[in-house]
Visitor: 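Pasting in a structure now, in structure tokens, and then I'll have a few things to ask.
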Amino acid sequence: MSKENRQNHVVLFTNSSILTRMVWALPRTSSPFCIAPSYKPDRGWIKMSAEWLIDWSCLLNGLRDLIAGCIQAVRDCNSLALTTVICLLLLFAWYCYRVGKDQPRSPFATVNLLIQSSEAKGLQNGFAYCHSRECVRCTHNDGLNQKLYHNLQEYAKRYSWSGMGRIHKGIREQGRYLNNRPSIQKPEVFFLPDLPTLPYFPRDAQKHDVELLEQNFATILSEFEAIYKAFSNCSLPQGWKINSTPSGEWFTFYLVNQGVTIPANCKKCPRTYRLLGNLRTFISNNVFGNACISVLTPGTVITEHYGPTNIRIRCHLGLRIPGNCELVVGGEPQCWAEGHCLLFDDSFLHTAFHEGSAEEGPRVIFMVDLWHPNVAAAERQALDSIFAPGR
């Protein structure tokens with residue numbers, strides 16, 4: 001065998017700046033120039049290896065061109081735009097970190113704590129709970145309250161987390177908010193943080209709806225008088241509810257009760273029910289929304305109590321207001337007036353009483369729950385979903 005055949009077979013590929021080398025090493029004896037007599041090179045394997053290396057060379061060429069193109073694109077890019085993009089990416093990464101960090105390990109723990117503490121008391125400031133399965137305030141149904149965080153996550157995944165900061169914060173720290181609130185304001189079910197707190201609100205807080213209710217005062221009053229005649233035939237006519245009070249009698253006739261429309265009652269007050277549809281801020285799609293006629297007989301005192309949430313304003317339109325009737329919210333007394341609306345936050349400790357004579361007749365108001373003016377539209381939509389009736 002010639003000297004050239006005894007040397008190693010070397011395949012050298014040079015492509016631009018990339019040098020790919022493959023050396024075929026033959027079995028050697030003690031002498032570097034002697035080939036073992038039994039060795040026979042596999043020419044098929046050598047050919048396959050060469051093709052494989054050629055393919056890799058093309059791939060590396062493509063990768064080199066891609067990297068070079070990216071580098072050139074970055075060089076050509078406006079430095080200010082590039083800095084802006086980098087800052088946005090860093091901000092997004094920080095936001096994701098905070099959301100993940102702030103998510104509680106047991107999202108329903110604080111809500112459960114609130115439920116247990118409320119149920120353990122049985123009586124809250126002397127207010128007797130009705131223990132109705134349908135009452136969100138009195139029963140604190142586990143099937144509803146333990147799903148608050150889950151309901152928020154479902155809503156955010158379907159729509160957006162944008163604008164959900166206060167709701168997320170409120171659900172996450174509900175126990176702390178409610179337990180550390182001053183005794184003058186303690187909503188029993190849900191507290192939305194960072195809302196302005198006032199026992200009473202001016203008429204301009206929901207000007208459109210206040211004016212619309214007052215314009216329809218005569219209509220609402222006439223429908224009340226029609227249904228109130230039923231009391232002459234029985235002590236508690238169909239559609240009316242009696243509420244627990246230490247003295248006197250407190251009757252309510254609901255058109256909407258905790259977000260659920262009462263069809264039979266609405267048929268008896270059709271014009272009043274249609275009026276609700278024209279109110280811009282009426283809470284009609286969640287358990288915190290009510291619309292009813294409320295009647296206090298002479299000598300009635302409603303025990304001091306808190307409402308379930310601070311996301312609403314309770315509106316009282318005076319229908320029949322005798323003397324010696326008063327509403328006290330957060331220690332501040334106010335009197336109703338016939339044909340005028342009185343707005344207050346019922347998450348404050350409040351009471352009402354009628355100390356007039358029997359000859360003066362009952363105190364009658366039309367009660368409607370309106371959105372707190374500082375609850376944003378996105379938050380209202382989310383709260384309607386989270387606290388939808390039956391969830």
Visitor: With a 3.5 Å distance limit and no angle check, can you tell me whether Tyr200 reaches the backbone of Val329 through a side-chain donor-acceptor pair?
Guide: yes

Visitor: Looking at Pro308 and Asp346, what are the two nearest heavy atoms and their distance?
Guide: CD-OD2, 4.1 Å

Visitor: Using a strict threshold of under 4.0 Å (side-chain N to carboxylate O), is an ion pair present between Glu338 and Arg363?
Guide: no

Visitor: For the hydrophobic clusters of this structure (ILVMFWY residues joined by side-chain heavy atoms under 4.5 Å, transitively), does one cluster hold both Ile283 and Met367?
Guide: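 No: no chain of side-chain contacts under 4.5 Å links Ile283 to Met367.
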
Visitor: Does Glu214 use its side chain to pair, donor to acceptor, with the backbone of Glu211 at less than 3.5 Å?
Guide: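 Pair absent, no side-chain N/O of Glu214 close to backbone of Glu211.
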
Visitor: Any salt bridge between Glu223 and Arg271, counting N to O under 4.0 Å?
Guide: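 A salt bridge is present here (some side-chain N lies under 4.0 Å from a carboxylate O).
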
Visitor: Got a donor-acceptor contact below 3.5 angstrom from the Thr245 side chain to the Thr300 backbone?
Guide: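 Side chain of Thr245 to backbone of Thr300: no pair is present.
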
Visitor: May I ask you to test the Phe353-Leu296 pair for a side-chain heavy-atom distance under 4.5 Å?
Guide: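 They are not in side-chain contact.
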
Visitor: Mind listing the closest non-hydrogen atom pair of Cys325 and Cys335 along with its distance?
Guide: O-SG, 3.8 Å

Visitor: Centre-to-centre under 6.0 Å for Phe344 and His316, is that the case here?
Guide: yes

Visitor: Say whether, by atom type as modelled, one donor and one acceptor occur between the side chain of Thr309 and the main chain of Ile311 under 3.5 angstrom.
Guide: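 It does hold such a pair.
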
Visitor: Drop me the distance from Ile293's CD1 to Leu255's CG, to the nearest 0.5 angstrom.
Guide: 6.5 Å

Visitor: Looking at every non-hydrogen atom in both residues, tell me the closest pair between Ile321 and Ala337 and how far apart they are.
Guide: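 That closest heavy-atom pairing would be CG1-C, 4.1 Å.
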
Visitor: Evaluate the criterion side-chain contact (heavy atoms from CB on, under 4.5 Å) for residue pair Asn151 and Phe387; output intermediate values, then yes/no.
Guide: CA-CA 8 Å; Asn151 292 348; Phe387 290 101; over 6 Å; no

Visitor: Would you mind reporting whether Phe288 and Gln258 have side-chain heavy atoms less than 4.5 Å apart?
Guide: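 Heavy-atom side-chain distance check fails, nothing below 4.5 Å.
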
Visitor: Do Tyr159 and Tyr155 have their ring centres less than 6.0 Å from each other?
Guide: yes

Visitor: Got a salt bridge between Asp369 and Arg312, using NZ or NE/NH1/NH2 to carboxylate O under 4.0 Å?
Guide: yes

Visitor: Would you mind reporting whether Val295 and Phe253 have side-chain heavy atoms less than 4.5 Å apart?
Guide: no

Visitor: May I ask you to check whether His372 and Phe201 place their ring centers less than 6.0 Å from one another?
Guide: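 Yes; Phe201 has its ring centre under 6.0 Å from that of His372.
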
Visitor: Please say whether more than 12 non-hydrogen atoms of neighbouring residues, nucleotides or ligands are located less than 6.0 Å from OH in Tyr273.
Guide: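 No, OH of Tyr273 has 12 or fewer neighbouring heavy atoms, counting only those of other groups under 6.0 Å.
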
Visitor: Would Leu275 end up clustered with Leu317 when hydrophobic side chains under 4.5 Å apart are linked, directly or stepwise?
Guide: yes

Visitor: I'd like to know if Arg320 pairs up with Glu225 as an ion pair, taking the criterion as any Lys NZ or Arg NE/NH1/NH2 lying under 4.0 Å from an Asp or Glu carboxylate oxygen.
Guide: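 Salt bridge present between Arg320 and Glu225.
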
Visitor: Is there a path of hydrophobic side-chain contacts, each under 4.5 Å between heavy atoms of I, L, V, M, F, W or Y residues, that connects Phe251 with Leu319?
Guide: yes

Visitor: Hey, quick one: are Phe224 and Leu342 part of the same hydrophobic cluster, counting side-chain heavy atoms closer than 4.5 Å, chains of contacts allowed?
Guide: no

Visitor: Test Ser347 against every option in Gln185, Glu188, Lys186 by the side chain to side chain donor-acceptor pair (under 3.5 Å) rule and name the one that passes.
Guide: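 Answer to the side chain to side chain donor-acceptor pair (under 3.5 Å) test with Ser347 among Gln185, Glu188, Lys186: Gln185.
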
Visitor: Rounded to the nearest 0.5 Å, what's the gap from CZ on Phe282 to SG on Cys315? Could you check?
Guide: 11.0 Å

Visitor: Okay, side chain of Asn286, backbone of Ala388: is any donor-acceptor separation there less than 3.5 Å?
Guide: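 The answer is no, because no donor-acceptor pair under 3.5 Å joins these two groups.
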
Visitor: Between His168 and Trp161, is any pair of side-chain heavy atoms under 4.5 Å apart?
Guide: yes

Visitor: Looking only at atom types and distance, does a side-chain atom of Arg280 sit under 3.5 Å from a main-chain N or O of Asp209, one as donor and one as acceptor?
Guide: no

Visitor: Look only at the side chain of Asn374 and the backbone of Leu195, and say whether a donor-acceptor pair between them is shorter than 3.5 Å.
Guide: no

Visitor: Is a donor on one side and an acceptor on the other found under 3.5 Å between the side chain of His350 and the backbone of Phe348?
Guide: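 Yes.
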
Visitor: Does any part of the side chain of Leu192, heavy atoms only, come nearer than 4.5 Å to the side chain of Ile167, both counted from C-beta?
Guide: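 Yes. Closest side-chain heavy atoms under 4.5 Å.
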
Visitor: Under 3.5 Å, side chain of Thr252 to main-chain N/O of Ser294, donor-acceptor pair present?
Guide: no

Visitor: Would you say Ile386 and Leu152 make side-chain contact, with heavy atoms under 4.5 Å?
Guide: yes

Visitor: Count I, L, V, M, F, W, Y as connected when their side-chain heavy atoms are under 4.5 Å apart, and connections chain through other members. Are Leu198 and Val210 then in the same cluster?
Guide: yes

Visitor: Should Cys292 and Asn257 count as side-chain neighbours, where that means a heavy-atom distance under 4.5 Å?
Guide: no

Visitor: Would you mind reporting whether Glu326 and Gln334 have side-chain heavy atoms less than 4.5 Å apart?
Guide: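 Heavy-atom side-chain distance check fails, nothing below 4.5 Å.
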
Visitor: Between Trp240 and Phe231, is the ring centre distance below 6.0 Å?
Guide: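 Between Phe231 and Trp240, which both carry aromatic rings, the centre distance is below 6.0 Å.
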
